[in-house]
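Since the model is a prediction, treat every value here as computed from it, not as a measurement.
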Amino acid sequence: MDYHGQKRSNPTHASTTDPDARLARKGKGKEATLSYTGHLLTENKNGLVVGAEVSPVTGTCESETALERLQKLRRRRPRLTADKGYDTGTFLDSCRRLRITPHVAQKRKGSAIDGRTTRHEGYGISLRKRKRIEEVFGWMKTFGVKAQV
């Protein structure tokens, strides 16, 4: 079929070999490709991966999967460090209901993170440690499975 000039959508561009794959764009100006979303959970002290999961792409799969994983934690008063994508009121409220301290990077405008989180020294430390998970994704892109795809 010739899709030239037509808008891509999941019904028109469904995979014949993997029906669960969905169109997703990794950034502005990038093309949408059939894919899944990968999720990693690391501990902050050493940057070790303690959990991994893959889920179909939806608009909210990252925060939904994070909350599912956090509900399974057995630590007392855990802290969640995450990027700006998690800076939403509903996600932060859910974390607080689970008695999890959300150390989420603030959006420039309209951040749901307030002073009760940012005033503590641990918030800044968590944000500096957050780069460790980015190092894992970088390794995956360079040497791991993602490099072969």
Side-chain angles (χ1 to χ4, degrees), residues 7-114 116-118 120 122-149:
K7 185 175 179 179
R8 294 173 134 198
S9 66
N10 284 314
T12 62
H13 286 73
S15 172
T16 57
T17 57
D18 191 356
D20 292 332
R22 297 284 179 257
L23 286 171
R25 186 183 329 252
K26 288 300 287 177
K28 292 182 180 179
K30 301 284 185 177
E31 70 281 351
T33 58
L34 288 167
S35 59
Y36 289 89
T37 300
H39 313 274
L40 293 178
L41 181 65
T42 62
E43 56 87 33
N44 272 355
K45 187 173 182 183
N46 299 302
L48 297 172
V49 176
V50 295
E53 192 169 335
V54 176
S55 66
V57 175
T58 65
T60 58
C61 66
E62 289 179 328
S63 57
E64 290 169 357
T65 304
L67 287 172
E68 288 172 12
R69 287 211 137 311
L70 292 170
Q71 288 173 352
K72 297 175 185 176
L73 284 178
R74 305 241 185 256
R75 292 188 55 219
R76 299 171 87 204
R77 244 4 224 171
R79 280 180 233 105
L80 167 75
T81 305
D83 62 18
K84 294 176 191 174
Y86 295 87
D87 186 1
T88 64
T90 54
F91 179 75
L92 298 174
D93 291 341
S94 298
C95 285
R96 290 184 176 118
R97 272 196 304 280
L98 293 171
R99 300 189 47 79
I100 294 168
T101 306
H103 287 183
V104 176
Q106 288 182 299
K107 293 179 185 175
R108 291 190 193 273
K109 293 181 181 179
S111 177
I113 295 285
D114 54 20
R116 61 185 154 167
T117 302
T118 59
H120 299 288
Y123 176 76
I125 294 169
S126 290
L127 293 184
R128 286 190 299 275
K129 298 262 187 171
R130 190 179 75 79
K131 81 171 203 155
R132 291 186 175 177
I133 196 161
E134 301 301 336
E135 292 169 349
V136 174
F137 281 112
W139 180 89
M140 288 171 56
K141 289 177 183 177
T142 307
F143 303 107
V145 177
K146 288 183 81 174
Q148 299 172 5
V149 176

For the pair T37 and V54, evaluate side chain to side chain contact (heavy atoms under 4.5 Å, CB included) and give the outcome as yes or no after the intermediate values. CA-CA 6 Å; T37 300; V54 176; over 6 Å; no
Applying side chain to side chain contact (heavy atoms under 4.5 Å, CB included) to K129 and T81, what does each step give before you reach the verdict? CA-CA 8 Å; K129 298 262 187 171; T81 305; over 6 Å; no
Given the rule in the salt bridge (charged side-chain N to carboxylate O under 4.0 Å, His left out) test, do K131 and E135 qualify, once you have shown the distances and angles that lead to the verdict? CA-CA 6 Å; K131 81 171 203 155; E135 292 169 349; 3.5 Å; yes
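Under 4.0 Å is where a charged nitrogen must lie from a carboxylate oxygen, and between R130 and E134 at least one such pair does.
Residue H39 comes nearest to S55 through the heavy atom pair NE2-OG, 2.7 Å, listed as atom of the first residue, atom of the second, then distance.
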Extract all donor-acceptor atom pairs below 3.5 Å that involve side chains of residues 98-107 and protein atoms in other chains or at least two apart in sequence.
from: H103; atom 1: ND1; to: S126; atom 2: OG; distance (Å): 2.7
from: Q106; atom 1: NE2; to: I113; atom 2: O; distance (Å): 3.3
from: K107; atom 1: NZ; to: D87; atom 2: O; distance (Å): 3.3

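Legend: salt bridge (Lys or Arg N to Asp or Glu O under 4.0 Å) pairs involving residues 56-66, not counting sequence neighbours: none detected.
Between L80 and F91, the closest side-chain pair of non-hydrogen atoms falls below 4.5 Å. At least one side-chain heavy atom of L70 sits under 4.5 Å from a side-chain heavy atom of C95.
For V50, the side-chain contact (heavy atoms from CB on, under 4.5 Å) partners two or more places apart in sequence, or in a different chain, are L41, E43.
R96 and T117 are linked by a side-chain donor-acceptor pair at a separation below 3.5 angstrom, with hydrogens and angles left out of the test.
To the nearest 0.5 angstrom, L40 atom CG is 12.0 Å from L48 atom CG.
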